[in-house]
Amino acid sequence: MFHNLPTIRTERLQLRRLRADDAEAVFAYASDPEVARWTTWDPHESLDDSKAFISSVIEAYKNNKPSPWGVVLKDTGLLIGTCGFCAYHPKHQRAEDGYALSREYWGCGYATEALKAVIDFEFREMELNKIEGYCRINNTASARVMEKVNMHLEGILRQHIYVKGVFHDMKMYSLIKSE
């Protein structure tokens with residue numbers, strides 16, 4: 001499945017596999033401390049960090065491991081972030097999705113559009129039953145993206161992750177196929 005992720009097209013976006021030549025575009029958003037503030041990863045300090053990230057994603061594709069799509073603007077061909085799989089549990093027909101976009105494109109509806117397309121693919125093509133998403137308590141923009149795709153707040157997971165030297169409470173959202 002992941003070794004052959006298809007390209008998904010939406011009204012304004014194309015979701016495609018990441019490629020080695022995406023390194024500069026990845027660095028453009030991943031080096032932004034405000035973008036990285038909400039993620040589990042530190043800001044990329046050099047182009048080599050972005051190249052290493054892309055290499056790990058390409059390797060995951062090759063090994064049929066869960067990996068995100070690159071989010072590309074249809075009209076310009078510019079890669080502005082990633083969206084898709086953080087975890088996959090085939091036995092339980094469940095996946096966890098995540099996303100990160102360039103701050104320049106926050107508030108434009110791109111994360112919602114990309115996540116909606118990914119969820120549609122997961123329910124339709126992969127026949128999953130449940131999609132999950134997580135965000136830190138005070139990340140209201142990310143929570144709003146999940147709410148816009150009709151995910152429901154299941155609850156607060158207290159001190160659920162240890163990232164950047166701190167335990168973080170997380171909001172857990174989900175969507176069931178029958179919903």
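- Residues Leu73 and Leu115 share a single hydrophobic cluster, defined by chaining ILVMFWY side chains whose heavy atoms lie under 4.5 Å apart.
- No hydrogens or angles considered: a donor-acceptor pair under 3.5 Å links the side chains of Ser50 and His44.
- Side-chain atoms of Asn64 come within 3.5 Å of backbone N or O of His3 as a donor-acceptor pair.
- With hydrophobic clusters built from ILVMFWY side chains whose heavy atoms lie under 4.5 angstrom apart, Met170 does not share a cluster with Val149.
- Distance check, rounded to the nearest 0.5 Å: CZ of Phe53 to OG of Ser55 gives 10.5 Å.
- Going from atom CG of Leu18 over to atom CG of Leu79 covers 6.0 Å, rounded to the nearest 0.5 Å.
- Between Ser142 and Tyr99, the side chains place a donor N or O and an acceptor N or O closer than 3.5 Å (distance only, hydrogens not considered).
- With Asn63 contributing its side chain and Lys65 its backbone, the two residues share no donor-acceptor pair below 3.5 Å.
- When every heavy atom of Thr82 is checked against every heavy atom of Pro68, the shortest pair comes out as CB-CB, 4.0 Å.
- Residues Leu128 and Ile131 meet the side-chain proximity criterion, which asks for heavy atoms closer than 4.5 Å.
- In this structure, CH2 in Trp38 is found 5.5 Å from CZ in Arg136, a value given to the nearest 0.5 Å.
- Taking both residues in full, the closest heavy atoms of Ser31 and Pro43 are given as O-CB, 3.8 Å, listed atom of the first, atom of the second, then distance.
- Nearest heavy atoms, Tyr29 versus Ser102: CB-CA, 3.4 Å.
- Seen from the ring of Tyr61, Arg17 counts as a face-on cation partner, given the 6.0 Å and 45° thresholds.
- Taking 4.0 Å as the cut-off between side-chain N and carboxylate O, Glu147 and Lys171 do not count as a salt-bridged pair.
- Side-chain contact between Val72 and Leu78: absent, with no pair of heavy atoms (C-beta onward) separated by less than 4.5 Å.
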Side-chain donor-acceptor contacts of residues 20-27 below 3.5 Å, not counting sequence neighbours, with atom names and distances?
from	atom 1	to	atom 2	distance (Å)
Asp21	OD1	Arg19	NE	3.1
Asp22	OD1	Arg16	NH2	2.8
Asp22	OD2	Arg16	NH1	2.9
Asp22	OD2	Arg19	N	2.8

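- Other residues, nucleotides and ligands contribute over 12 non-hydrogen atoms within 6.0 Å of the NZ atom of Lys164.
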Could you go through the ring-ring contact (aromatic ring centres under 6.0 Å, His included) check for Phe121 and Trp69 one step at a time?
-> CA-CA 12 Å; Phe121 173 83; Trp69 280 271; 5.4 Å; yes
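- Using bins of under 30°, 30° to 60° and over 60° for the plane-to-plane angle, the ring pair His92/His89 lands in the tilted bin.
- Tracing side-chain contacts under 4.5 Å through hydrophobic residues (I, L, V, M, F, W, Y), one never reaches Ile156 starting from Met146; they form parts of separate clusters.
- Taking the six-membered ring wherever Trp is involved, the centroid distance between the rings of Phe2 and Tyr88 falls below 6.0 Å.
- Across all their heavy atoms, Trp106 and Leu101 have their closest contact at NE1-O, 2.9 Å.
- Under the 4.5 Å side-chain criterion, counting only non-hydrogen atoms from C-beta, Asn129 is not in contact with Phe123.
- Between the side chains of Glu132 and Tyr134, a donor-acceptor pair is found at a separation under 3.5 Å.
- Between the Glu179 side chain and the Ile176 main chain, a donor and an acceptor come within less than 3.5 Å of each other.
- Going from atom OG of Ser67 over to atom CD of Glu59 covers 10.0 Å, rounded to the nearest 0.5 Å.
- The shortest side-chain heavy-atom distance between Lys130 and Leu175 does not fall under the 4.5 Å cut-off.
- Criterion: ILVMFWY side-chain heavy atoms under 4.5 Å apart, direct or through other members. Under it, Val57 and Leu47 are not part of a common hydrophobic cluster.
- Surrounding CD of Glu125 are more than 12 heavy atoms belonging to other residues, nucleotides or ligands, all under 6.0 Å away.
- A donor-acceptor pair under 3.5 Å is absent between the side-chain atoms of Asn139 and the main chain of Cys135, judged by distance alone.
- Remark: Arg158 does not engage Asp169 in a salt bridge, criterion side-chain N to carboxylate O under 4.0 Å.
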Given Glu154 and Tyr173, is the side chain to side chain contact (heavy atoms under 4.5 Å, CB included) satisfied, shown in steps?
-> CA-CA 5 Å; Glu154 285 200 12; Tyr173 284 84; over 6 Å; no
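- Contact annotation: the side chain of Val35 approaches that of Trp41 to within less than 4.5 Å [non-hydrogen atoms, C-beta and beyond].
- Ionic pairing of Glu113 and Lys116 is not present here: no N-O contact between side-chain nitrogen and carboxylate oxygen is shorter than 4.0 angstrom.
- How far CD of Gln14 is from OG1 of Thr7: 5.5 Å, rounded to the nearest 0.5 Å.
- Put simply, the side chain of His168 never gets that close to the backbone of Tyr162: no donor and acceptor are under 3.5 Å apart.
- Rounding to the nearest 0.5 Å places CG of Asp97 at 12.0 Å from OG of Ser174.
- Checking side-chain atoms of Thr10 against main-chain N and O of Leu13 turns up a donor-acceptor pair under 3.5 Å.
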